Novice: 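Sharing a structure below in structure tokens format, with a few things to ask.
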Amino acid sequence: DTEVTQTPKHLVMGMTNKKSLKCEQHMGHRAMYWYKQKAKKPPELMFVYSYEKLSINESVPSRFSPECPNSSLLNLHLHALQPEDSALYLCASSHPRDRASILNTEAFFGQGTRLTVV
Amino acid sequence: SQQGEEDPQALSIQEGENATMNCSYKTSINNLQWYRQNSGRGLVHLILIRSNEREKHSGRLRVTLDTSKKSSSLLITASRAADTASYFCATGNQGAQKLVFGQGTRLTINP
């Protein structure tokens with residue numbers, strides 16, 4: 001199984017809603033990532049989890065709250081979003097050779113969640 | 001910023017021709033990776049080249065890396081309509097522990 005599965009594929013939410021994006025992989029990868037991608041732009045890193053610990057937060061607003069319940073799952077909790085947060089949210093995973101070198105292998109991406117905030 | 005800059009931003013060629021995309025970056029790197037993204041979908045890893053490598057091949061793909069010029073190129077030979085996609089380079093920096101993507105090249109293969 002070389003897949004990263006993201007649910008839902010599409011999500012429309014109001015600015016007062018609370019929702020969660022889910023990401024799952026069963027490749028034994030110990031690094032997992034959330035990226036945000038606006039149309040015709042490259043993916044922008046939001047969070048990195050390494051061995052289930054948050055290792056990087058790219059100054060993301062607190063209305064985005066990541067969670068890594070175990071080594072296979074990654075969630076992104078959304079609350080009080082703004083219309084400008086509408087984007088494709090991508091989850092990725094990779095298998096680091098050790099805790100100090102999470103970047104030395106390829107990243108596997110899910111198909112993304114297309115989020116629209118109304 | 002470590003972010004890569006890609007050139008050209010858009011490329012349109014005829015099926016069967018070769019496509020070359022370039023990527024430049026600013027800081028020292030551990031490796032450089034190339035990804036493909038079909039419209040509105042996830043990214044697919046194509047190839048990873050380490051900082052001590054100069055050239056790497058995978059099927060119809062050829063990647064070169066020149067660390068002295070902080071640049072890389074991706075060559076797709078004998079292009080096919082299915083190669084139509086956006087292509088991104090991404091650099092990994094050990095100190096920053098994160099993968100940063102370039103602006104991307106939108107490649108269109110015309111039948």
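Note that this is a predicted model, so its numbers are computed, not measured. Just so it is clear: chains get the letters A, B, ... in the order the sequence lines come, proteins before strands, and each one is counted from 1.
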Novice: What part of B:Gln9 gets closer than 4.5 Å to chain A, counting heavy atoms only: side chain, backbone, both or neither?
Specialist: neither
Novice: Answer yes or no: is there an ion pair linking A:Glu52 with A:Arg30, defined by an N-O contact shorter than 4.0 Å?
Specialist: yes
Novice: Under a 4.0 Å threshold between the charged nitrogen and the carboxylate oxygen, would B:Glu55 count as salt-bridged to B:Arg62?
Specialist: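 Looking at B:Arg62 and B:Glu55, the cut-off is met.
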Novice: Taking every non-hydrogen pair under 4.5 Å, which of A:Lys9, A:Lys40, A:Gln111 racks up the most with chain B?
Specialist: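 Of the options given, most contacts go to A:Gln111.
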Novice: Flag the one option from A:Lys41, A:Arg114, A:Gln37 with the top tally of heavy-atom pairs under 4.5 Å to chain B.
Specialist: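 Result: the option with the highest number of such pairs is A:Gln37.
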Novice: When you check the gap from the basic side-chain N to the acidic O, do B:Asp83 and B:Arg60 get nearer than 4.0 Å?
Specialist: yes
Novice: Against chain B, label A:Glu58 side chain, backbone, both or neither, depending on which of its atoms sit under 4.5 Å from a heavy atom there.
Specialist: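 For A:Glu58, side-chain heavy atoms alone lie under 4.5 Å from chain B.
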Novice: For B:Lys70, does the NZ atom have more than 12 heavy-atom neighbours from other residues, nucleotides or ligands under 6.0 Å away?
Specialist: yes
